[in-house]
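First the proteins, then the strands, lettered A, B, ... as listed; each starts at 1. Just so you know, these numbers use all the heavy atoms, side chains as well, and skip hydrogens, waters and symmetry mates. Since the model is a prediction, treat every value here as computed from it, not as a measurement.
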Amino acid sequence: MTEPVLVDQTFLLRDDVVAIARELIGMLLIVKNQSVVKAGIIAETEAYAGITDKASHAYGGRRTIRTETLYRAGGTVYVYLCYGVHHLFNIVTNQENIPHAVLIRGILPVNEKAIPENFRDEFEAWKGIANGPGKLTKKLGIRASHNASMLNSDAIWLYKFPEYHPVEIVKTSRIGVDYAGEDAYLPYRFYARQYKPAKI
DNA sequence: ACACCGATTATCT
DNA sequence: GATAATCGGTGTA
């Protein structure tokens with residue numbers, strides 16, 4: 001595998017959050033906690049399209065302490081606690097005040113050879129797959145304190161493989177959003193065919 | 001102050 | 001496939 005490069009975050013400022021969710025498949029997520037580096041290849045995502053999306057925390061323009069992070073500029077990290085137990089990791093997209101976000105739902109492990117050189121000494125590998133939004137944050141050590149931080153600054157980085165050849169990507173409806181009425185059927189979820197999601 | 005609920009997961013059958 | 005566990009966020013008052 002060729003050396004990954006830090007992503008140019010301007011693609012996160014675009015308006016088409018669903019397209020961005022699809023493009024994030026195959027990118028490399030790196031998390032550093034106190035001299036420990038963990039990483040994974042993004043394999044499953046979901047788009048949340050802001051004020052018009054009944055499944056979004058920001059539906060109807062709702063602004064609370066929690067959702068304030070969603071209104072920041074693309075590239076902001078949105079972490080929230082779900083069911084009082086699981087931290088869920090999102091990447092905010094679009095311009096400031098437009099609360100779009102992509103939920104990262106699954107990652108695959110990555111070989112040390114594919115880790116950027118500057119992280120390799122502190123890299124710790126893990127096995128299996130993290131096929132669930134709560135599982136991957138636990139694997140990578142993403143916590144509530146990461147909420148509202150910026151990607152590519154000091155804790156969470158997004159890289160891409162320049163010669164990555166897109167695998168077949170499955171498009172389907174989102175998981176666990178029955179409360180969203182007809183919006184629960186929107187095809188806003190993506191996953192790589194070779195990866196096995198927990199829920200089909 | 002208090003009741004309800006959830007962008008889930010593990011553990012059953 | 002069905003269901004219990006679990007607790008901070010949120011709305012209502």
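- For the pair A/E46 (side chain) and A/R105 (backbone), a donor-acceptor distance under 3.5 Å is absent.
- Taking all atoms of both residues into account, the shortest heavy-atom contact from A/P99 to A/I51 is CG-CG2, 3.9 Å.
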Note to self: Across nucleotides 4-13 of chain B, 5' to 3', mark each nucleotide with B, S or - according to how protein heavy atoms within less than 4.0 Å reach it.
What the structure shows: --BBBBS---

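- Base pairing of C/dT6 is not made with any nucleotide, judged by Watson-Crick or G-U wobble geometry with both donor-acceptor distances under 3.5 Å.
- A/T93 pairs in a side-chain contact (heavy atoms from CB on, under 4.5 Å) with only one of the listed residues (A/V102, A/T76, A/D16), which is A/V102.
- Side-chain N or O atoms of A/D53 include none that pairs as donor or acceptor with a backbone N or O of A/Y59 at under 3.5 Å.
- A distance-only check finds no donor-acceptor pair linking the side chain of A/Y48 to the backbone of A/Y188 [under 3.5 Å].
- In this structure the side chain of A/V170 never reaches within 4.5 angstrom of the side chain of A/P197, judged on heavy atoms.
- Looking only at distances, a side-chain donor or acceptor of A/Y179 sits under 3.5 Å from a matching main-chain atom of A/A55.
- Mapping heavy-atom proximity under 4.0 Å, the span of DNA chain C touched by chain A runs 5' to 3' from C/dT6 to C/dG11.
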Margin query: One pair to check against ring pair (Phe, Tyr, Trp, His ring centres under 6.0 Å): A/H57 and A/Y80. What are the steps and the verdict?
Written below: CA-CA 11 Å; A/H57 292 161; A/Y80 74 95; 4.6 Å; yes

